[in-house]
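Pasting a structure below so you can have a look.
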Amino acid sequence: MDIVVCVKQVPDTTEVRIDPETNTLIRQGVPSIVNPFDKNAVEAALQLREKYGGKVTILSMGPLQSKEALKECLAMGADEAILLSDRAFGGSDTLATSHALAAGLRKMGKVDIILCGKQAIDGDTAQVGPEIAEHLGITQVTYVSKINTVDEQVIRVEREHEEGYEVIEAQMPVLLTVVKSINEPRYPTVKGTMKANRKEIPVWTVDDVEVDRDALGLKGSPTQVRRIFTPERRVQGEMMQADTAREAATLLVKRLVEIKII
Ligand SMILES: Cc1cc2nc3c(=O)[nH]c(=O)nc-3n(C[C@H](O)[C@H](O)[C@H](O)COP(=O)(O)OP(=O)(O)OC[C@H]3O[C@@H](n4cnc5c(N)ncnc54)[C@H](O)[C@@H]3O)c2cc1C
């Protein structure tokens, strides 16, 4: 079984702080990490390989430093990793990003299962996975929380949504996006890390894949970010004094009605 996992290197958003002087994000010194949902996707791929055999390849689009993220996935146990990197990909929105990744996937040839994270913690759109499936004309199942069985080119998965779960049967090739609850990603081993460090990571440029250049980068992006700003600071909380719980509740409800929350 040929499995490809799309992995994005992202800034660790839990470490991003706001400069109160300039009101901008302080990115300096913020470590880059493998997008957490993508680690779940890698773990799911490794478990599938353990059960059904085959090969796990990691695909990423990004600057050369993304190789570090790919190495981490190799150290977890992936077989191969490929990086799509070229100035022509820079400035891509989700449509252009998914065009580039779909072109990389087409070049790879036969793929049975493509795994993506539910969303990237920086862009936060959750659009890239479904868009790749559309470009490739294959089935997609999003928010997958369990992979039940794979046989005879049919995959059975559970899909998580607000009110419960759906059990879905889909024809392969298929693209799945996974949620956090699907598994607990394994840690890279020392042996795995050493092996990953020795592994060659091929870099494909725009000339290595078959893709319309006009579909990439800023040119291929139907959306443009016009302005980025930090959210306004919330006003300070308000303390209310009361002698009894009943009085406190009455005061609270009155205030909530006043400020039109209820
Ligand atoms: C309007 C707009 C303009 C933008 N302009 C720029 C810009 O100028 N420069 C810039 O650097 N970024 C830019 N971005 C960010 C860039 O478009 C997104 O980072 C990218 O499209 C991925 O979208 P996302 O982060 O929301 O991923 P999501 O759709 O949330 O990601 C879902 C899953 O798709 C896969 N995936 C996503 N991206 C990649 C990737 N690169 N490689 C491999 N797998 C991936 C992962 O499995 C991930 O879990 C822009 C975004 C928008 C919305």
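When a ligand or atom number is given, it counts from 1 through the structure's own listing order.
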Which heavy atom of the protein is the closest neighbour of atom 43 (C) of ligand 1, given with residue, atom name and distance?
->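 Protein heavy atom with the smallest distance to atom 43 (C) of ligand 1: Val7 O, 3.1 Å.
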Part of Leu101 within contact of ligand 1 (heavy atoms, under 4.0 Å) |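 The side chain, only.
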Using distance alone, decide if ligand 1 has a nitrogen or oxygen within less than 3.5 Å of any nitrogen or oxygen in Gly117.
->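 Min N/O separation from ligand 1 is below 3.5 Å for Gly117.
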Asn35 contact mode with ligand 1 (heavy-atom cut-off under 4.0 Å) |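 The side chain, only.
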Transitive ILVMFWY side-chain link Leu46 to Val5, under 4.5 Å |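 They do share one cluster, since a chain of ILVMFWY contacts under 4.5 Å joins Leu46 to Val5.
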Got a donor-acceptor contact below 3.5 angstrom from the Asp124 side chain to the Gln119 backbone?
->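 No: the side chain of Asp124 does not pair with the backbone of Gln119.
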Are any of the N or O atoms of Ser92 closer than 3.5 Å to those of ligand 1?
->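 Yes, there is a polar N/O contact under 3.5 Å.
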Among protein heavy atoms, which sits nearest to atom 2 (C) of ligand 1, and what does the distance come to when rounded to 0.1 Å?
->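 Atom 2 (C) of ligand 1 sits closest to the protein heavy atom Val225 CG2, 3.3 Å.
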Is there at least one pair of N or O atoms, one from Val128 and one from ligand 1, spaced under 3.5 Å apart?
->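 Yes; the residue has a nitrogen or oxygen that sits under 3.5 Å from a nitrogen or oxygen of the ligand.
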In sequence, state the C-alpha distance, the side-chain angles, and the governing distance for Ser181 and Glu160, and then conclude on side-chain hydrogen bond (donor to acceptor under 3.5 Å, both in side chains).
-> CA-CA 9 Å; Ser181 60; Glu160 181 181 283; 2.9 Å; yes
Protein heavy atom at shortest distance from atom 1 (C) of ligand 1 |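 Looking only at protein heavy atoms, the one closest to atom 1 (C) of ligand 1 is Thr223 OG1, 3.1 Å.
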Distance to 0.1 Å, residue and atom name: give those for the protein heavy atom nearest to atom 38 (N) of ligand 1.
->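 The protein heavy atom lying closest is Lys8 CD, 3.5 Å.
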Between Ala126 and ligand 1, is there a nitrogen or oxygen pair with a distance under 3.5 Å?
->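 For ligand 1, there is an N or O atom that lies under 3.5 Å from one belonging to Ala126.
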Look only at interatomic distance and state if Cys6 has a nitrogen or oxygen under 3.5 Å from any nitrogen or oxygen of ligand 1.
->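 Yes: some nitrogen or oxygen of Cys6 is under 3.5 Å from one in ligand 1.
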Please verify whether a non-hydrogen atom of Leu59 lies at under 4.0 Å from ligand 1.
->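 Heavy atoms of Leu59 do come under 4.0 Å of ligand 1.
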Determine whether the side chain, the backbone, both or neither of Thr97 has a heavy atom under 4.0 Å from any heavy atom of ligand 1.
->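 It is the side chain that gets close, since no backbone atom is under 4.0 Å.
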Hey, does the Lys NZ or Arg CZ of Arg227 hover above the aromatic six-ring of Phe229, less than 6.0 Å from the centre and inside 45° of the axis?
->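 Here Arg227 passes the 6.0 Å and 45° test against Phe229.
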What protein heavy atom sits nearest atom 26 (O) of ligand 1, and how far away is it?
->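 Ranking protein heavy atoms by distance from atom 26 (O) of ligand 1, first comes Thr125 OG1, 2.5 Å.
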Closest non-hydrogen protein atom to atom 27 (O) of ligand 1, residue and atom name please, with distance?
->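 The protein heavy atom lying closest is Ala120 CB, 3.4 Å.
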Just to confirm, does any protein heavy atom lie below 4.0 Å from atom 14 (N) of ligand 1?
->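 Yes, there is one.
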Mind checking the CZ-OG1 spacing from Arg198 to Thr193? Nearest 0.5 Å is all I need.
->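 Arg198 CZ to Thr193 OG1: 11.0 Å, rounded to 0.5 Å.
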pair Leu83-Trp204: side-chain heavy atoms closer than 4.5 Å |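 Contact flag for Leu83/Trp204 side chains = no.
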For Gln127 and ligand 1, does the shortest N/O to N/O distance drop below 3.5 Å?
->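 N/O-N/O distance below 3.5 Å exists for this pair.
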Indicate yes or no for a side-chain donor-acceptor contact from Ser221 to the backbone of Thr223 under 3.5 Å, with no hydrogens or angles considered.
->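 Not a single qualifying donor-acceptor pair exists.
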Under 3.5 Å, is there a donor-acceptor pair linking the side chains of Thr142 and Arg159?
->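 Yes, because at least one side-chain N or O of Thr142 sits under 3.5 Å from a partner of the opposite role on Arg159.
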Pairwise distance CG(Asn40) to CG(Asn183) - rounded to 0.5 angstrom |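 Taking CG in Asn40 and CG in Asn183, the distance rounds to 5.0 Å.
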With no hydrogens and no angle check, do the side chains of Gln9 and Gln65 hold a donor and an acceptor under 3.5 Å apart?
->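 Gln65 and Gln9 do have a side-chain donor-acceptor pair below 3.5 Å.
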Between the main-chain N or O of Gly77 and the side-chain N or O of Arg49, is there a donor-acceptor pair closer than 3.5 Å?
->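 Looks like yes, one N/O pair under 3.5 Å.
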Donor-acceptor pair, side chain of Ser60 and main chain of Val7, under 3.5 angstrom |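 Such a contact is found between Ser60 side chain and Val7 backbone.
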Atoms in ligand 1 with a heavy atom of Ser60 nearer than 4.0 Å |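 Counting from 1, the qualifying ligand atoms are 42 (N), 43 (C).
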Does Asp38 approach ligand 1 within less than 4.0 angstrom via side chain, backbone, both or neither, non-hydrogen atoms only?
->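 Contact part for Asp38 vs ligand 1: side chain (C-beta onward).
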Tell me, which protein residue and heavy-atom name are nearest atom 51 (C) of ligand 1, and how many Å apart are they?
->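 Looking at atom 51 (C) of ligand 1, the protein heavy atom closest to it is Asp93 CA, 4.2 Å.
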Which one holds for Asp122 and ligand 1: side chain close, backbone close, both close, or neither close, with close meaning a heavy atom under 4.0 Å?
->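 Side chain only; the backbone of Asp122 stays clear of ligand 1.
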From atom 5 (N) of ligand 1, work out which of Ser221, Gly91, Gly129 has a heavy atom at the shortest distance.
->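 The nearest heavy atom belongs to Gly91.
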Do Lys219 and Asp214 sit within salt-bridge range, that is, some charged N less than 4.0 Å from a carboxylate O?
->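 Result for this pair is yes, salt bridge flagged.
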For atom 42 (N) of ligand 1, the protein heavy atom that lies nearest, with its residue and separation =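 Atom 42 (N) of ligand 1 sits closest to the protein heavy atom Met61 N, 3.0 Å.
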Judging by distance only, is a nitrogen or oxygen of Phe37 under 3.5 angstrom from one on ligand 1?
->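 It does not: no N or O of Phe37 is found under 3.5 Å from an N or O of ligand 1.
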Looking at CG of Leu59 and CD of Glu80, how far apart are the two atoms once the value is rounded to the nearest 0.5 Å?
->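 CD of Glu80 is found 12.5 Å from CG of Leu59.
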